[in-house]
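Starting from 1, each residue takes its place in the sequence as its number. The structure presented is a predicted model; accordingly, all values stated were derived computationally and were not measured.
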Amino acid sequence: MKLVTAVIRPERVQQVKEALFQAGISGITLGRVSGHGGEQEVVEHYRGTRVRVEFRDKVEVRMAVSEPFVQAAIDAICLGARTGEVGDGKIFVQPLEQVVRIRTGERDNAALTPVTETRLTPA
């Protein structure tokens, strides 16, 4: 099991969500975050004062997936998030020690959102 975390542009959330759903991955969590990467700093004017924008608004997408679906999740995120410009984001893959579904007590792979391999093949 892996925890796949992606930090993406807010305007690409819909495309990433659709790509993940197309790949059969529907158990996702979204959160608003701010970050600084390779993008240039921007100076804006706010109420007559120059303000340097160091951190950009981003969206963090998280999902727990079983081993066979890690690459499918990565491919779907790249497909939906890529614009080819600096600031498209990053994907982090981390091992998960344990997953427990609170409602049923199911553990590990049984607790992950069910996905079938047939849904992962491109149409």
Side-chain angles (χ1 to χ4, degrees):
M1 298 176 303
K2 301 285 185 186
L3 178 64
V4 179
T5 304
V7 179
I8 63 170
R9 296 172 184 266
E11 62 269 19
R12 300 300 292 187
V13 169
Q14 188 64 30
Q15 291 90 333
V16 169
K17 183 187 82 166
E18 288 171 7
L20 286 167
F21 287 1
Q22 281 273 8
I25 300 167
S26 60
I28 63 174
T29 302
L30 300 177
R32 292 184 178 274
V33 296
S34 295
H36 185 282
E39 297 160 307
Q40 296 287 329
E41 289 181 356
V42 174
V43 176
E44 293 182 355
H45 293 280
Y46 177 74
R47 294 188 177 186
T49 305
R50 289 174 51 128
V51 178
R52 194 171 71 195
V53 180
E54 295 182 52
F55 295 96
R56 304 287 179 119
D57 289 337
K58 299 289 183 176
V59 172
E60 184 178 72
V61 182
R62 295 179 136 211
M63 67 212 73
V65 296
S66 57
E67 293 290 336
F69 304 108
V70 173
Q71 192 59 49
I74 291 169
D75 293 343
I77 293 165
C78 286
L79 177 69
R82 184 174 290 140
T83 67
E85 312 236 337
V86 174
D88 279 349
K90 295 257 187 329
I91 300 171
F92 307 97
V93 180
Q94 301 168 297
L96 273 180
E97 235 175 82
Q98 188 176 37
V99 177
V100 178
R101 186 184 309 269
I102 296 171
R103 177 177 52 85
T104 62
E106 293 170 297
R107 295 184 174 272
D108 299 329
N109 283 331
L112 298 176
T113 301
V115 182
T116 60
E117 244 179 291
T118 56
R119 290 173 68 186
L120 290 176
T121 52

Could you grab the distance from atom [atom1] of [X] to atom [atom2] of [Y], nearest 0.5 Å is fine?
| X | Y | atom1 | atom2 | result |
| --- | --- | --- | --- | --- |
| Lys17 | Ile25 | NZ | CD1 | 14.5 Å |
| Arg82 | Ile8 | CZ | CD1 | 13.0 Å |
| Lys58 | His36 | NZ | NE2 | 10.5 Å |

Discussion item. Tell me whether Arg32 is salt-bridged to Asp57, with the criterion being a basic N under 4.0 Å from an acidic carboxylate O.
Written reply: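 No, Arg32 and Asp57 are not salt-bridged.
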
Fill in: Charged N-O contact under 4.0 Å between Glu60 and Arg62
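Judged by the 4.0 Å cut-off on N to carboxylate O distance, Glu60 and Arg62 do form a salt bridge.
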
Work out which heavy atom in [X] is nearest to a heavy atom in [Y]; give both atom names and the distance.
| X | Y | answer |
| --- | --- | --- |
| Gly80 | Ala19 | N-CB, 4.3 Å |
| Asn109 | Met1 | OD1-CG, 3.2 Å |
| Glu106 | Ala111 | O-CB, 3.4 Å |
| Ile74 | Ile91 | O-CD1, 4.0 Å |
| Ser26 | Phe21 | CA-CE1, 3.6 Å |

Worksheet item: Is it true that Ile28 and Val7 fall in one hydrophobic cluster, defined by side-chain heavy atoms closer than 4.5 Å?
Response: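 Hydrophobic grouping puts Ile28 apart from Val7.
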
Worksheet item: Is Leu3 reachable from Val100 through a run of I, L, V, M, F, W or Y residues, each pair having side-chain heavy atoms under 4.5 Å apart?
Response: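 Unlinked, Val100 and Leu3 end up in two clusters.
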
Worksheet item: Among Thr83, Val59, Asp88, Ile77, whose side chain to side chain contact (heavy atoms under 4.5 Å, CB included) with Arg12 holds?
Response: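 Result for side chain to side chain contact (heavy atoms under 4.5 Å, CB included) with Arg12: Thr83.
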
Worksheet item: Can you tell me if Glu18 and Gln14 form a side-chain donor-acceptor pair at under 3.5 Å?
Response: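 A donor-acceptor contact under 3.5 Å links the two side chains.
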
